[in-house]
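Here the structure comes first, spelled out in structure tokens, and everything after it is commentary.
These numbers come from the heavy atoms of this one structure, side chains and all, not from hydrogens, waters or symmetry mates. Residues take their numbers from the sequence shown, with the count starting at 1. Everything numeric here is computed off the predicted structure, so don't read it as measured data.
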Amino acid sequence: MIKFQPAAKFNKDGILVLLDEGEVKKRDLAGIPNEGIRQAVRSVIEAGQFQGEEKELFPVVFQKQVILLAGTGDPVRKNFTTLRVIVRQAALSSYFKKVNDIEVILPNDDAVVRAVVEGILIGAYRWDRYHSSSEKPKITPPYAKTYTLAVAAKKEYQDIVTTCEGVTLARDLINGNADDVDSEHIEGVIKDLIKGNENIAVEILNRRDMAAKGLHLHLAVNQGSRKEPKLIIVKYSPQGKTSPYTAFVGKGITFDTGGLNLKPSGHIETMRCDMSGAAAVVGALKNILALHVKRNALFVVALAENAIGAGAYKPGDVFRGYGGKTVEIGNTDAEGRLVLADAIAYVVKNYKPVRLLDLATLTGACVTALGYDYSGLVSNHDEFANEVIAASAKTDDRVWRLPSYPEISEAIKSEIADLKNVGFPKGAAGALTAAEFLRQFVADTPWVHIDIAGTAFVDGRGRLYYGHGGTGAGVRLLTEYLKSGR
């Protein structure tokens, strides 16, 4: 829990003090009003035990209080990503292991407050639902503690807290077992979110509806599964139904085996994360409703399971999508673009959004190109792309724009159909050809595609200020874009 108070009180069992190298060098401890604590901290500094260097932690025990000094480094070259890492490191440190109420002493700076809130709420998150009760810690985990920031409350600060709640929802959806977080579960989560909201309309297509309407690319991906495929479209209309809509479309492959082009060991184990785009759209929906954002939007999740079974679709098969184009299946593990293609075509034709953004764990090629800290962005519209990039920069939901050019369309042409779902041989420019495949279905709509394959999941002990599992990549970006964009 995050709270705010106008001034430092030093009345909690734990106190986190953020100090940069400049403050330490000048012995500037004006932010510590308690004379006893100030002298204790000054003694540590004068003894050379703490310099305020980046990621430096040093504990001071004063009476019964644990005071943790956290170095934030060079005051000129402020790095707010690193600040989030530092705050996470402090929140998870053993020094606060038995402390449940923590006061945070920090500069009165909006960017710093954002970083500290996210360092706590995103950094201290842990998915521990599957631990047996005997294995769960007997002490309060970091994410369940109370953190009081010594800055006056602002609506902007509370909005950051609310936005982090949407990130948490997305992470919970990603981290759950694939057989638990299936299309019906996600449908239930969405219905709970929109219940009682008068500005909401929803359309839900199931297997029978898709067959009747011709979404055969989506259905092909789900052929090997017993799970019900779904296309869920939430229409949010606070500006009135005649005002323009921005559409957000999330890829929701609740588990991806790769189909008959089976993923190998070392890659298949975390494929419950292949619905991270859909999870981000659901998380953004939660935020927009909680923040009462006055902007019309469509929140779309395309849900399927790419399983192996007697009915699984096959390499070499040809299917006709909703938009009328036929697609040759070059690889059954290039399934996300098929589901998204039908969803995009359906939304463009029936809802006519003025702009459309899709979010997907789409290609390993994007990971090869950009690694794990930046999502890849491809767009047909510079102004729209720049607005999304601006939202990315503000939220630390990082994107990097990749090129799109006419010649790339040659890579996805088929000898026996209109298109093929794979591009150049040996996977060259795989992130670009996947994006180009999607572009074939947006018509003239301004469009941004964000490939979160590298950023959506951490398979290990941590990266940046994330722990193991889903990161909620895209939730902060989408929320900020809707709050501040056109």
Side-chain angles (χ1 to χ4, degrees), residues 54-55 72-74 77-89 91-92 111-112 114-127 160 163-164 166-168 170-171 174-175 250-251 267 270-271 273-274 276-277 279-280 283-284 357-379 385-386 388-403 429-432 434-435 448-481:
E54 202 173 88
K55 301 182 183 179
T72 60
D74 190 329
R77 298 196 303 271
K78 289 184 178 178
N79 185 317
F80 294 107
T81 299
T82 301
L83 181 55
R84 291 171 173 90
V85 174
I86 292 164
V87 172
R88 176 182 190 263
Q89 180 184 7
L92 299 180
V112 171
R114 174 187 286 273
V116 170
V117 170
E118 293 182 348
I120 293 168
L121 295 182
I122 295 176
Y125 171 93
R126 185 185 178 204
W127 176 259
I160 296 167
T163 299
C164 288
V167 175
T168 295
R171 298 174 87 176
I174 296 163
N175 290 329
K251 172 189 170 184
H267 295 271
T270 58
M271 281 300 106
C273 80
D274 213 20
S276 295
L357 182 152
D358 76 80
L359 199 68
T361 46
L362 205 63
T363 66
C366 193
V367 184
T368 301
L370 297 179
Y372 296 98
D373 298 330
Y374 277 84
S375 301
L377 183 150
V378 177
S379 180
N386 289 337
V388 172
I389 291 168
S392 161
K394 185 170 182 179
T395 60
D396 205 39
D397 235 342
R398 304 178 188 178
V399 299
W400 191 269
R401 189 170 184 181
L402 300 171
L432 304 187
V448 164
H449 159 67
I450 301 179
D451 191 332
I452 58 172
T455 56
F457 197 86
V458 178
D459 185 14
R461 288 292 180 180
R463 174 172 54 80
L464 294 180
Y465 44 96
Y466 305 103
H468 178 84
T471 66
V475 176
R476 288 177 290 167
L477 186 157
L478 299 186
T479 304
E480 179 63 29
Y481 174 78

Can you name the closest pair of heavy atoms from [X] and [Y] and give their distance?
X    : Y    : value
T363 : A434 : CG2-CB, 3.5 Å
T471 : R463 : CG2-NH2, 3.9 Å
A170 : V475 : CB-CG2, 3.8 Å
G469 : N175 : CA-OD1, 3.4 Å
H449 : L362 : CE1-CD2, 3.5 Å
A473 : A456 : CB-CA, 4.1 Å

Residues passing the salt bridge (Lys or Arg N to Asp or Glu O under 4.0 Å) test with D74, sequence neighbours excluded, are R77
If the condition is salt bridge (Lys or Arg N to Asp or Glu O under 4.0 Å), which residues does D397 pass it with, not counting sequence neighbours?
none
Strictly by modelled atom types, are T361 and D274 linked by a side-chain donor-acceptor pair under 3.5 Å?
yes
Hey, are R398 and T81 close enough side-chain-wise for a donor-acceptor pair under 3.5 Å?
yes
Using side-chain heavy atoms (C-beta onward) and a distance below 4.5 Å, is [X] in contact with [Y]?
X    : Y    : answer
P403 : L432 : yes
I86  : E54  : yes
L92  : R126 : no
L478 : Y481 : no
E118 : C164 : yes
R88  : L464 : no
L83  : V112 : yes
Y466 : R171 : yes

CA sep, side-chain torsions, deciding dist, call: T455, S375, side chain to side chain donor-acceptor pair (under 3.5 Å):
CA-CA 6 Å; T455 56; S375 301; 2.8 Å; yes
Kindly check if the number of other-residue, nucleotide or ligand heavy atoms within 6.0 Å of OH (Y372) is above 12?
no
Just wondering, more than 12 heavy atoms not from W127 lying within 6.0 Å of its CH2?
yes
Salt bridge E480-R476, side-chain N to carboxylate O under 4.0 Å:
no
Distance (rounded to the nearest 0.5 Å) between [X] [atom1] and [Y] [atom2]:
X    : Y    : atom1 : atom2 : value
W400 : D373 : CH2   : CG    : 13.0 Å
L477 : L359 : CG    : CG    : 8.0 Å
I389 : I450 : CD1   : CD1   : 9.0 Å

Under the 3.5 angstrom rule, does the side chain of S392 hit a backbone N or O of V388 as a donor-acceptor pair?
no
Which of these, V399, L357, L402, L370, sits in a side-chain contact (heavy atoms from CB on, under 4.5 Å) with L377?
V399
Go through the steps for R114 and D396 under the test salt bridge (charged side-chain N to carboxylate O under 4.0 Å, His left out), then give the verdict.
CA-CA 10 Å; R114 174 187 286 273; D396 205 39; over 6 Å; no
Show your reasoning for whether side chain to side chain contact (heavy atoms under 4.5 Å, CB included) applies to D459 and H468.
CA-CA 6 Å; D459 185 14; H468 178 84; 3.8 Å; yes
